[in-house]
Amino acid sequence: MTVRVRYAPSPTGDPHVGNIRSALFNWLYARHTSGTFIVRIEDTDQARLVPGSLDAILDALRWLGLDWDEGPGSDAPHGPYVQSERLDIYRKHADWLLGEGKAYHCYCTPERLDAVRKQRQKERQPTGYDRRCREPNGAAEAREENPNLPVVRFKMPTEGNITVNDFVRGEVTFDVSLLDDFVLLKSDGYPTYHLANVVDDHLMEITHVMRAEEWLPSAPRHKLLYEAFGYEMPVLVHLPLILGPDRSKLSKRHGAASVLEFRDMGYLPDAMFNFLALLGWSLDETSEVFSKDDLIKHFTPERILANPAVFNIEKLDWFNGLYIRGMDDSALADALLPWLEDDEHGLPASARPVDRAYLASIVPLERERLKRLSEAPEMLSFFFEERLDYDASLLVPKGLDADTTRAMLEAALATAESVDDWSVGALETAYRALAERLGVKTGQLFGAMRVAVTGRTAAPPLFDTLSVLGKERCVSRLRAALAAL
RNA sequence: GCCCCUAUAGUCUAGCGGCCUAGGACGCCACCCUUUCAAGGUGGAGAUCGCGGGUUCGAAUCCCGCUGGGGGCACCA
C-alpha cells in the first residue's frame with residue numbers, strides 16, 4: 001500500500017509555523033516512502049475566509065520546497081482539492097447518514113445552544129448539545145421556534161468508551177457519554193471539519209493523518225464517523241504543538257508566527273526547514289544538521305515526540321548562520337542582492353545600484369558574520385556608501401591622543417598613496433612595517449585605520465577590507481578621517 | 001467547570017530496567033586563535049531526570065497518585 005498523506009490548511013490566516021511544520025512532516029513522510037503528498041484546501045467556513053491567505057500558504061510551501069503531488073492546480077483523479085467545490089459530495093454523505101438514521105436535523109438556535117452550554121458548565125457538567133432535536137417532539141418544538149434551515153447532527157452513542165489509536169501516544173480512551181451530537185452540515189449547506197475531513201480522507205485514500213495535537217480530542221468523533229460510513233480509518237499521527245516562550249501555543253502575540261514573516265526577516269528556507277524538522281522529531285542523540293535529502297532519508301513517524309516544543313529563535317539564528325556560512329560566494333551574493341537593493345530596508349539610494357561583482361568580492365569577508373540576510377544592508381553599508389558618517393572620537397585608539405593619532409593616520413595615508421600592490425599580503429607587510437617605524441602597537445594603528453576606512457570598530461579583517469575597498473576609496477577615506485579629527 | 005495529552009538543565013533533545021558518576025546542541029561564562037568583530041578550537045557552569053508512593057536484586061526508564069504545563073469542549077478549522 002502506498003502512503004498518501006495530506007496537508008489540509010484552512011485559508012483563514014497566515015501560514016503559521018506550527019501549521020507548516022505539519023505540512024513539512026507530511027511531506028517528509030511522503031517523500032521518505034515514495035508516497036503521495038496532497039494539499040487540500042479546507043475553506044468550509046465562509047465567514048472566516050481571509051483574502052490572500054491561500055496564496056500566502058502556498059507561497060510558504062513553495063518557499064520551503066514542499067511541492068505537492070496532488071492539490072490546487074493539479075488535475076489528479078481525487079480532485080477537486082478545494083472543499084468549497086465539493087459541497088454536493090458532503091451533502092450526499094450527510095443525506096445518507098440521515099437516511100440510515102445515523103444523523104438528524106436540528107433546529108436549535110445558536111442562542112439556545114449557548115444557553116445550554118452555560119447552564120451545563122454551571123452544573124459542572126460537560127458542555128455540549130442536549131440532544132433536544134434527536135427526539136421528534138423536541139425537533140418539532142425547536143422548529144416552531146426557528147423555522148430556518150436546520151443543521152445536520154451526528155447521532156452519537158450515548159454510553160460506553162471509545163479508544164482511538166494515536167501512532168505517537170498509543171491508545172487514548174474517551175468516555176462517549178461526555179461527547180455530544182456534533183454538527184455535520186451547517187445550515188448554510190457547508191460541512192463542518194468533522195464531516196469534510198472524514199469524507200475527503202476516505203475519498204482521497206489518505207493512509208495517514210498527521211495533524212496537530214489540538215485535533216486529538218475530536219478523534220473519537222472521527223472514528224465513530226468512519227464506523228458509521230463503514231470506512232477504514234487511516235493511521236492517526238498527532239503532532240506536538242509548537243509553543244511560544246511562555247509555553248502557550250505560538251501566536252502573533254509572541255512576535256513572528258508566520259513562516260512568511262521569518263522569510264522576510266532574512267532566514268534561509270533550508271535553515272528554517274532544518275530547524276522546524278527538529279521541533280517534535282529527532283533522529284538520535286547527536287545529529288541535528290540535516291539537509292533536505294538527509295531528512296527524507298531518515299524521517300520516520302516513530303521518532304515523533306509527544307510533548308510540545310518551545311520555538312527557540314536563538315537556535316534558529318544559529319542554524320541560519322550555519323547555512324549562510326555553507327553558501328558559496330556566488331549563491332550568497334545572489335541571496336543578498338535583493339536585500340541590499342530593497343527600497344525600504346536596503347542600502348540608501350545613493351549607494352545603489354549594487355555592483356554584483358563587487359558584492360561577490362565582499363561576501364567572503366562578511367559571510368561568517370551574518371546571521372540573517374536582513375542584516376546585510378546595515379552590515380555591508382560601508383562598502384557602498386560614498387561618505388562615511390561616524391563619531392570622530394572613535395578614531396583615537398586607547399592609549400593615544402588626537403595629535404599622535406593624526407600623525408599616525410597621516411603616515412598611513414602616505415603609505416597608502418605609495419603602495420602600488422594593493423593585495424592583502426602587500427598591504428599587511430607595508431602597514432606592519434609602518435607600525436614598527438612609528439613605534440605604535442599594531443592594534444592601535446590597525447584600529448584607527450579600521451575606523452577611518454569602515455566607520456566602525458567592528459569589521460572584517462583590516463587588510464582584506466582595504467583590498468576589497470580598493471586604493472581609491474581607502475585613500476579618500478583616510479583623508480576624510482584626517483579632516484574629521 | 002468537564003475531557004484529553006504531557007513532564008530529562010533557560011531552550012531543543014538522547015535515553016525505551018543495569019552501558020547514566022544522565023549524552024549532544026543552542027544560549028551563557030572562561031581561555032586559545034587574533035588587528036576589532038565574527039567564525040573556529042578547548043574547557044566550564046547549568047538537571048536531586050517535577051513531587052510522592054509502589055514494582056524490581058536494580059528505575060530517568062514500568063505502575064499509581066499528586067502537582068505543574070499544554071490542548072480541546074462552536075452552525076471555526
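By convention in this document, chain letters (A, B, ...) are assigned in the order of the sequence lines, proteins followed by strands, and residues within each chain are numbered from 1. Please read all numbers here as calculations on a predicted model, not as lab measurements.
Within the 4.0 angstrom heavy-atom criterion, base atoms lie near A:A459. Among the protein residues, A:S282 comes within range of the sugar-phosphate backbone only, with heavy atoms under 4.0 Å from sugar or phosphate atoms but none that close to a base. Residue-level contact check: A:R367 touches neither bases nor backbone, having no heavy atom under 4.0 Å from any strand. A:S287 comes within 4.0 angstrom of no nucleic acid atom, judged by non-hydrogen atoms across all strands. Residue contacts shown for A:R325 are limited to sugar-phosphate atoms, with no base heavy atom under 4.0 Å away. Within 4.0 Å (heavy atoms only), A:R48 reaches at least one base atom of the nucleic acid. Using a 4.0 Å heavy-atom distance criterion, A:R112 is classed as making no nucleic acid contact. No contact: A:C106 has no heavy atom under 4.0 Å from any strand. Residue A:L370 is classed as having no contact, given no heavy-atom separation below 4.0 Å to the nucleic acid. Here A:P191 lies in heavy-atom contact (under 4.0 Å) with sugar-phosphate atoms only.
Protein atom CG of A:D200 is 13 Å distant from nucleotide atom P of B:A77, rounded to whole Å. To the nearest angstrom, C1' of B:C3 lies 12 Å from CE of A:M156. Rounded to an integer number of Å, the gap from CG of A:L250 to P of B:C12 is 13 Å. Whole-Å rounding puts the A:I162 CD1 to B:C4 P distance at 14 Å. Rounded to whole Å, the distance from CG on A:D45 to C1' on B:A77 is 8 Å. Nucleotide B:G70 holds its C1' atom 18 Å from the CZ atom of A:F311, rounded to whole Å. Atom P of nucleotide B:G72 and atom CD of A:E213 are separated by 10 Å, given to the nearest angstrom. Taking atom NZ on A:K249 and atom C1' on B:C5, their separation rounds to 14 Å, with Å as the unit.
Base pairing of B:U55: no nucleotide in any strand meets the Watson-Crick or G-U wobble criterion (both distances under 3.5 Å). Here B:U11 sits opposite B:A25 as a Watson-Crick or G-U wobble pair (both hydrogen-bonding atom distances under 3.5 Å). Nucleotide B:A74 has no partner under the Watson-Crick or G-U criteria, as no pair reaches both atom distances under 3.5 Å. Base pairing analysis places B:U35 opposite nothing; no Watson-Crick or G-U wobble pair with both distances below 3.5 Å involves it.
Here B:G1 is the nucleotide among B:C76, B:U13, B:G1 with the atom lying nearest to any side-chain atom of A:T127. Across B:A77, B:G10, B:G69, the shortest atom-to-atom separation from the side chain of A:R247 is found for B:G69. Distance from the side chain of A:W318 is smallest for B:G27 among the nucleotides B:A39, B:U13, B:G27.
Phosphate contact (OP1/OP2 of B:G1, side-chain N/O of A:K118, threshold under 4.0 Å): absent. Of the side-chain N and O atoms in A:K371, one or more sit less than 4.0 angstrom from OP1 or OP2 of B:A39. Listed pair A:R40 / B:A77 fails the phosphate criterion, with no side-chain N or O lying under 4.0 Å from OP1 or OP2. Between A:K186 and B:C76 there is a side-chain N or O to OP1 or OP2 distance below 4.0 Å. For the pair A:R117 and B:A74, the criterion of a side-chain N or O lying under 4.0 Å from OP1 or OP2 is met. In this model, the phosphate group of B:U35 is approached by a side-chain N or O of A:R432 to a distance below 4.0 Å at OP1 or OP2. Contact between the side-chain N/O atoms of A:R120 and the OP1/OP2 oxygens of B:C2 is not found at any separation under 4.0 Å.
Taking the C1' atoms as reference points, B:A59 lies 11 Å from B:C49, given to the whole Å. When the C1' atom is compared between B:G43 and B:U8, the two are found 24 Å apart, to the nearest whole Å.
Contact check on A:E428 versus A:R432 returns a salt bridge, with a Lys/Arg side-chain nitrogen under 4.0 Å from an Asp/Glu carboxylate oxygen.
A donor-acceptor contact closer than 3.5 angstrom links the side chains of A:S287 and A:D284. Checked by atom type, the side-chain pair A:S84/A:D43 shows a donor-acceptor distance below 3.5 Å.
The ring of A:F25 has its center closer than 6.0 angstrom to the ring center of A:F299. The aromatic ring centroids of A:Y193 and A:H222 lie less than 6.0 Å from each other. In this structure, A:Y104 has its ring center no closer than 6.0 Å to that of A:F154.
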(request) For A:F290 and A:F273, run ring-ring contact (aromatic ring centres under 6.0 Å, His included): C-alpha distance rounded to whole Å, both residues' side-chain angles, the deciding distance at 0.1 Å, then the answer. (result) CA-CA 9 Å; A:F290 293 96; A:F273 198 107; over 10 Å; no
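Between A:P126 and A:L216, the one whose closest nucleotide on RNA chain B sits nearer the 5' end is A:P126. Taking for each of A:T44 and A:L178 the nucleotide of RNA chain B with the nearest heavy atom, the 5'-most of the two is the partner of A:L178.
Judged as a ring-ring contact (aromatic ring centres under 6.0 Å, His included), the pairs with a partner in residues 424-471 of chain A (not counting sequence neighbours) are, in order, A:F446-A:F463.
Taking only distance into account, the side chain of A:R369 meets the base of B:C37 through a donor-acceptor pair shorter than 3.5 Å.
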